[in-house]
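The basis for the numbers below is simple: all heavy atoms, side chains too, and nothing from hydrogens, waters or symmetry mates. Numbering of ligands and ligand atoms starts at 1, following listing order. In this text, all values refer to a predicted model and were calculated from it rather than measured experimentally.
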Amino acid sequence: MKLVSPSILSADFTRLGEQLKSLVSAGMEYVHVDVMDGHFVPNITIGPMVCDAVKRAVPEAKMDVHLMIENPGAYIDAFAKTNPDIIYVHVEAACHLDRLVDQIHQKGIQAGVVLNPASPLSLLEEILSEVDAVLIMSVNPGFGGQSFIPYCLEKIRRLDELRRGGELSFIIAVDGGITQENISEIAEAGANLIVAGSAVFRGDPGMNFRKLTEILNRMR
Ligand code: DX5
Ligand code: ZN
């Protein structure tokens with residue numbers, strides 16, 4: 001699978017439902033929601049209420065919720081109630097990652113783990129067989145519209161090698177700084193789910209989404 005997951009962080013929140021519906025018409029299968037608490041990252045965004053609204057606006061799309069918050073374990077129940085398909089938690093925010101992954105699975109939700117750009121893959125080595133997705137941050141989390149950090153490309157390739165070597169099937173997701181210019185090399189490096197905020201919502205979301213998807217389809 002090679003899909004684009006639009007991040008609503010760059011959406012027009014006065015027209016969120018409308019923009020999401022136009023993306024579903026353009027073929028969107030996943031929608032990415034960025035939850036920030038002003039502690040783990042220097043920005044505050046949205047919580048369970050907006051996740052719930054997103055899921056109700058486009059129930060046909062899978063929702064992946066990216067928790068950039070301290071003490072994520074205390075909020076899994078609240079986000080689980082909004083019916084996400086994947087919940088991502090940062091390795092850097094979790095003292096007990098195994099317990100957290102378990103907590104997400106117990107809710108019947110796919111568990112994703114996230115690494116900041118400078119965090120090594122080795123932090124995940126022991127738990128790779130237990131997770132459904134690994135999200136590689138390719139910018140420092142907190143804001144949309146930043147540039148892709150070049151060394152993350154090699155990290156995606158090494159994660160893909162680990163996946164092949166271990167005969168594992170977790171999704172490799174990449175988040176931050178994706179553009180029409182770099183999406184193909186990121187997908188070629190092994191990414192399956194490519195999160196894009198400004199590259200989708202700056203301008204006409206439906207048209208941008210189609211263009212990014214077309215580039216991915218051309219690679220197949
Ligand atoms: C950054 C968020 C991203 C963000 C990406 O902390 O996790 O999902 O929306 O935005 P772009 O695609 O504009 O880099
Ligand atoms: Zn994100």
*Just by distance, do the side chain of Thr213 and the backbone of Phe209 share a donor-acceptor pair under 3.5 Å?*
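Between the backbone of Phe209 and the side chain of Thr213 there is a qualifying donor-acceptor contact (under 3.5 Å).
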
*Identify the closest protein heavy atom to atom 5 (C) of ligand 1: which residue and atom is it, and at what distance?*
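Protein heavy atom at minimum distance: Asp175 OD1, 3.6 Å.
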
*Just need the protein heavy atom nearest to atom 9 (O) of ligand 1, so name the residue and atom and give the distance.*
Ser7 OG, 2.8 Å

Checking the N or O distance criterion of under 3.5 Å, is ligand 1 in contact with [X]?
X	result
Gly142	yes
Gly197	yes
Asn140	no
Ser10	no
Gly177	yes

*Please list, chain by chain and in numerical order, all residues satisfying side-chain hydrogen bond (donor to acceptor under 3.5 Å, both in side chains) with Asp160, sequence neighbours excluded.*
Arg163, Arg164

*Answer side chain, backbone, both or neither: which part of Ala196 comes under 4.0 Å from ligand 1, heavy atoms only.*
backbone

*Please work out whether the ring planes of His66 and His90 are parallel, tilted or perpendicular, with thresholds of 30° and 60°.*
parallel

*From the options Ala199, Gly145, Ala173, select the one whose nearest heavy atom is closest to atom 11 (P) of ligand 1.*
Gly145

*Going by heavy atoms, is Phe143 under 4.0 Å from ligand 1?*
yes

*asked:* Listing by chain and number, which protein N, O or S atoms are under 2.8 Å from the Zn ion (ligand 2)?
replied: His32 NE2, Asp34 OD1, His66 ND1, Asp175 OD2

